[in-house]
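Because only heavy atoms are used, hydrogens play no part in the values below, and waters and symmetry mates are left out as well, while side chains stay in.
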Amino acid sequence: MARGDTDTRPSEARQRLLSTATRIFYAEGIHSVGVDRIIAEAKVTRATFYRHFPSKEDLILAYLRAVHEMERARVDAAIAANPSAVDPLLDIAGSIAQHIQSPGFRGCAFLNAAAEYPDADHPVRQEIIAHRQWFLDTLTTLMAQVHPETADPAARHFVMLRDGATAAGCLFDPSLVSDTFLRGVEGLLRINTERRSNDSARS
């Protein structure tokens, strides 16, 4: 901590930098935005920036982790609020559909970042993969409660529906994209629920 700083000042400055970077990175891309602009819009000094983020890459990783935590909080809330097998998945799909229709929507932050960081060994790419693996693992666990035998392909199907919807939501009518996405998820869950019922009837 710099001499003269209060106990809360560094964390406030870090949050201001991260909030500014999150807004600009998501709206305009990562490579196109320089550190100088983030410093100027966050209204901090260059020394403050580098005290919290030794490099732009550190800020990018913090941005992706912040988005991950926001998405994880929404998913965790959906799971906590819905004890049944299907309802958490419908709630998660509804949250995604709502996000697609939100002002300033510009697709999936992680897919956008992946397009800018194609190197599989890059730390940013690794952060993206970790987020996507978490999402897939979470969906697989939920799908296993619907129909264990098809949990893995069903979860991957859900992810593909989500990826397609978040890409299409930037190009076409977001309300139509959201509706199509929700109907796709509902159909996926209906098929797997029927499979579980058929399995129970045969046993």
Side-chain angles (χ1 to χ4, degrees), residues 1-78 80-81 91-92 94-135 138 162-163 165-175 177-178:
M1 182 182 298
R3 184 174 300 173
D5 280 354
T6 67
D7 290 340
T8 59
R9 185 176 175 183
S11 61
E12 290 172 356
R14 184 184 190 281
Q15 185 56 47
R16 194 158 63 249
L17 283 162
L18 185 54
S19 297
T20 301
T22 297
R23 172 175 54 82
I24 302 175
F25 284 161
Y26 183 70
E28 301 180 23
I30 295 173
H31 288 322
S32 65
V33 179
V35 167
D36 288 345
R37 180 177 171 191
I38 293 169
I39 289 171
E41 295 203 17
K43 296 181 172 58
V44 300
T45 65
R46 181 174 293 273
T48 297
F49 175 89
Y50 285 109
R51 184 167 69 246
H52 292 291
F53 302 103
S55 69
K56 182 182 176 182
E57 182 178 296
D58 291 302
L59 177 60
I60 296 165
L61 292 172
Y63 153 63
L64 292 175
R65 288 165 188 159
V67 176
H68 167 77
E69 289 303 322
M70 287 189 290
E71 293 192 9
R72 181 163 190 157
R74 287 194 293 266
V75 169
D76 288 346
D91 200 338
I92 291 167
S95 177
I96 293 168
Q98 187 176 30
H99 180 49
I100 290 170
Q101 297 184 69
S102 64
F105 176 74
R106 194 178 168 274
C108 170
F110 291 91
L111 291 179
N112 292 348
E116 297 195 61
Y117 289 87
D119 182 358
D121 295 324
H122 195 284
V124 171
R125 186 77 172 201
Q126 291 297 310
E127 197 71 33
I128 295 164
I129 295 301
H131 166 78
R132 290 181 62 82
Q133 189 63 53
W134 159 79
F135 189 59
T138 302
R162 191 279 305 265
D163 288 349
T166 54
C170 300
L171 302 171
F172 306 105
D173 184 338
S175 63
V177 171
S178 296

* Smallest separation among heavy atoms of Ala13 and His52, with atom names -> CB-NE2, 3.9 Å

* Closest approach of Gly169 to Pro174 (non-hydrogen atoms, all atoms of both residues) -> O-CG, 3.9 Å

* Structure fact -> Nearest heavy-atom approach of Thr48 to Leu17 is O-CD1, 4.4 Å

* **Set of residues satisfying salt bridge (Lys or Arg N to Asp or Glu O under 4.0 Å) with respect to Arg65, sequence neighbours excluded** => Glu127

* Results of ring pair (Phe, Tyr, Trp, His ring centres under 6.0 Å) for His99 - residues two or more places apart only -> Phe105

* **From Asp76 atom CG to Ile92 atom CD1, the distance as rounded to the nearest 0.5 Å** => 9.0 Å

* To do: Sequence neighbours left out, what passes ring pair (Phe, Tyr, Trp, His ring centres under 6.0 Å) with Phe135? Give chain and number order.
  => none

* Structure fact -> Of all heavy-atom pairs linking Ile38 and Thr20, the shortest is O-CG2, 4.0 Å

* To do: Starting at CG of Leu111, measure out to SG of Cys170 and round the result to the nearest 0.5 Å.
  => 10.0 Å

* Quick one: does Arg125's side chain have a donor or acceptor within less than 3.5 Å of a partner on Asp119's backbone? -> no

* Asked: Would you say Glu28's side chain and Val33's backbone share a donor-acceptor pair under 3.5 angstrom?
  -> no

* Structure fact -> Of all heavy-atom pairs linking Ile128 and Ala114, the shortest is CD1-N, 3.4 Å

* Asked: Would Leu59 and Phe49 satisfy side chain to side chain contact (heavy atoms under 4.5 Å, CB included), going step by step from the backbone distance to the final call?
  -> CA-CA 9 Å; Leu59 177 60; Phe49 175 89; 3.6 Å; yes

* What is the ring orientation for His68 with His131, classed by angle as parallel under 30°, tilted 30 to 60°, or perpendicular over 60°? -> perpendicular

* Structure fact -> Sorted by chain and residue number, the side-chain contact (heavy atoms from CB on, under 4.5 Å) partners of Glu57 (sequence neighbours excluded) come out as Ser55, Leu61, His122, Pro123, Val124

* Asked: What pairs with Arg74 under salt bridge (Lys or Arg N to Asp or Glu O under 4.0 Å), at least two apart in sequence or on another chain?
  -> none

* Asked: In Å and rounded to the nearest 0.5 Å, what is the OH to CD1 distance from Tyr117 to Ile30?
  -> 5.0 Å

* **Over all atoms of both residues, closest heavy-atom pair of Arg106 and Tyr26** => N-OH, 2.7 Å

* Over 12 foreign heavy atoms within 6.0 Å of CD, Gln126 -> yes

* **Results of side-chain contact (heavy atoms from CB on, under 4.5 Å) for Lys43 - residues two or more places apart only** => none

* Asked: Just how far is it from atom CZ of Phe110 to atom CG of Asp163, taken to the nearest 0.5 Å?
  -> 12.0 Å

* Can you tell if the side chain of Val35 reaches within under 4.5 Å of the side chain of Phe53, non-hydrogen atoms only? -> no

